[in-house]
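Since the structure comes first, as structure tokens, the remarks are kept for the end.
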Amino acid sequence: MIKIKSRLNKIFKKSLKKLIENNELPEILQEKDFVFSSPKMKVHGDLATNFALASAKIARMSPRKLASLLVDNLQDTEQIISDVEIAGPGFINVTLDNYQFLQGMERILLAGKNWGKSSDKNEKINLEFVSANPTGPLHVGHGRGAAVGDALARIMKTAGYDVSCEYYLNDAGNQVDNLALSIWFNYLQICREQGREIPEIEFPQDGYHGEYIKEMATDYFAKKGCEAATNEYDAEELKKFGVAKAVEKIKTTLKKLGVEFDRFYSENELHNQGKIETAIKKLQAKGVLYQQEGALFFKSSEFEDSKDRVVIKSDGSLTYFAADIAYHADKLERGFDKMIDIWGADHHGYIPRIKSSLTAMGYSSERFEALLVQFVSLISKKKKVSMGKRSGNFVELNQLIDEVGADVTRWYFIAKSHDSALDFDLNSALSMDPKENSARYAQYGHARACSILKKVKSKFALVPGKYSPELARELGAAEINLLKFMLELPEVILNSAQSREIHHVAAYLVELSRNFHSYYTTMKDDPILPRKDVLTAKDENKVKARLIWLEAFRTVARNALEVLGLPAPEQMESPKEVQ
RNA sequence: GCGCCUGUAGCUCAGUCGGACAGAGCAGUGGCCUUCUAAGCCAUUGGUCGCAGGUUCGAAUCCUGCCAGGCGUGCCA
């Protein structure tokens with residue numbers, strides 16, 4: 001469709017040029033392009049442009065008059081237009097020759113798995129997401145970030161961007177100290193239960209309570225026995241141990257969800273390689289740091305932030321922000337053109353200070369983009385399931401995946417706009433009914449098409465064959481209408497990538513599936529496959545054409561599912577069997 | 001107080017760069033299985049697009065001001 005639009009633009013521009021040369025229209029119009037979009041209603045043709053409405057003022061004539069001038073001077077040398085109509089206040093509605101769509105079908109079939117891809121954008125993107133602290137398991141909120149990030153990565157890659165997925169591992173800082181202390185506390189407890197006499201210690205102030213801490217302590221005990229308990233508390237060792245355990249758990253959960261990263265970037269590495277120091281020195285050289293009350297401040301308020309921020313605390317330790325300054329600068333130093341961070345909405349106040357730091361260091365803050373993902377509430381029987389992190393009873397992502405399945409979990413996270421709060425309805429997610437569970441509905445279209453293709457092989461020993469114009473002519477209006485929709489996938493993906501709104505692809509998929517189900521049912525009177533076991537020569541071409549068409553549909557449905565990271569099942573599990 | 005996000009049908013949500021009569025699913029009502037998955041489809045009911053102004057040939061969409069909800073506003077990470 002993108003190609004057709006640009007061809008139409010050319011044809012219309014030629015008409016425009018001619019009118020300008022004849023002094024019938026002012027010259028400034030030459031600059032303007034004809035933007036074509038698909039009208040909502042079929043009676044408005046295949047593609048429409050509001051050019052005449054938008055340019056009427058400059059042209060100093062009524063929109064309808066401008067439109068008719070343009071239309072009268074059209075020269076469709078390639079014969080891609082079958083009808084042009086001026087409608088309403090001055091829309092120009094174009095109906096395309098069906099042959100354009102049939103050729104499009106050939107393109108889908110030739111592209112196969114590559115259908116949906118756009119040209120190389122030559123832009124290196126660092127996409128950072130999840131980045132949950134390695135102090136415990138992921139909860140459902142992280143899950144949304146993971147699903148959104150992974151889907152966005154796939155969509156952007158398909159749209160032609162060079163995307164690298166990164167997880168920033170906060171393996172330095174207080175939270176890791178607290179993790180280590182919490183494990184130590186529980187470990188000593190275990191040793192005491194083993195009969196060892198070990199003095200009581202106080203539970204760390206911001207310690208972690210969850211079951212997983214006890215598990216980690218048990219693992220530590222399994223590794224060390226009671227020996228370590230008699231020694232001094234070895235913070236470094238326990239930190240390492242705790243982080244490793246937590247990361248292992250996080251990776252397992254992510255993998256279950258089908259999310260993988262190109263790199264886990266360690267915060268410790270930033271410290272060890274002196275990158276934070278370098279970044280601070282760089283800021284110092286720019287004269288944007290100052291001492292106050294024993295702490296070192298960054299003048300972020302001189303840039304985009306509302307106030308200045310501490311980089312080095314009065315006790316001499318670095319803030320999390322200091323590391324983050326270095327981290328984001330490092331991403332750019334590593335050769336990325338752009339970085340996109342996916343954060344929970346509660347971090348939104350953080351954006352101005354990161355941007356400020358980049359500007360201060362001489363980078364364009366436009367190279368940084370934050371995508372905020374709003375909160376997730378779990379709803380069960382129309383009631384909110386409560387979540388509280390520190391108390392340890394928050395709903396783990398792992399549990400959710402085990403309960404409703406990885407595909408459905410993923411779907412629920414990506415089917416809605418990331419910037420509105422999500423009510424995750426467990427009852428509908430658990431349902432096998434595609435009407436209630438749109439994840440299944442989206443997959444069902446693909447499965448149904450596959451099942452027909454399978455059936456034909458056993459029934460007629462017919463190979464779908466290749467696209468040919470003669471066969472394509474056998475297709476009817478219903479198939480061509482769906483074909484028009486199928487041809488929109490690359491544009492949907494491209495738009496989705498550029499606006500960072502992944503739910504558009506999900507919405508497209510549901511509509512694609514619905515169109516197919518609708519078609520399928522209307523074909524009851526004239527079945528896609530004949531009921532007889534023997535094909536007449538006349539039938540054969542029609543069936544072959546439909547099979548090729550089905551193959552194209554299946555390709556589109558599969559590619560759309562896969563760009564969202566969802567499997568494209570060839571058959572659906574029967575709910576009756578599941579019961 | 002300030003900042004970010006949200007407000008569209010009874011419920012959960014779409015709505016592209018401002019476009020033609022505001023769209024789905026669920027729930028309600030009425031239909032469609034001797035047939036390739038009825039796990040589906042068709043029809044129908046239901047809306048002052050939070051409120052009030054403004055810009056525009058045209059506003060759910062852009063601007064301003066209100067109202068309501070969520071989140072943030074650490075020398076925590």
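As the structure is a computational prediction, the values presented were derived from the model and not from experiment. Below, read A as the first sequence line, B as the second, and so on, with proteins coming before strands; counting in each chain starts at 1. Basis for what follows: all heavy atoms, side chains included, without hydrogens, waters or symmetry-related copies.
By the rule that a glycosidic angle within 90° of 0 means syn, B:rC41 does not qualify and counts as anti.
Remark: aromatic rings of A:Phe553 and A:Tyr519 are distant, center separation not under 6.0 Å.
Ring-base stacking between A:His44 and B:rA20 is satisfied, the centre separation being under 5.5 Å and the plane angle under 30°.
Comparing the C1' positions of B:rU29 and B:rU61 gives a spacing of 34 Å, expressed to the nearest Å. Comparing B:rG15 with B:rA9, their C1' atoms sit 14 Å apart, to the nearest whole Å. With P as the reference atom, B:rU48 and B:rU6 are 23 Å apart, rounded to whole Å.
Distance from the side chain of A:Ala295 is smallest to B:rC75 among B:rA14, B:rC36, B:rC75. Comparing B:rU73, B:rU6, B:rG40 by their nearest atom to the side chain of A:Asp419 picks out B:rU6. With B:rC36, B:rA14, B:rG40 as the candidates, the nucleotide lying closest to the side chain of A:Thr521 is B:rG40. In this structure, the nucleotide among B:rG15, B:rA77, B:rC36 sitting nearest to the side chain of A:Pro527 is B:rC36.
Below 30°, between 30° and 60°, or above 60°: for A:Phe298 and A:Phe321 the angle between ring planes is between 30° and 60°, a tilted geometry. The aromatic rings of A:Phe368 and A:Trp343 lie tilted to each other, with the angle between the two planes from 30° to 60°.
Counted by atom type alone, A:Asp330 and A:Tyr265 present one or more donor-acceptor pairs between their side chains at under 3.5 Å.
Residue-level contact check: A:Glu501 touches neither bases nor backbone, having no heavy atom under 4.0 Å from any strand. Among the heavy atoms of the strands, none lies under 4.0 Å from A:Arg440.
Base pairing analysis places B:rU55 opposite nothing; no Watson-Crick or G-U wobble pair with both distances below 3.5 Å involves it.
With rounding to whole Å, A:Asn515 atom CG is found 9 Å from B:rC42 atom P.
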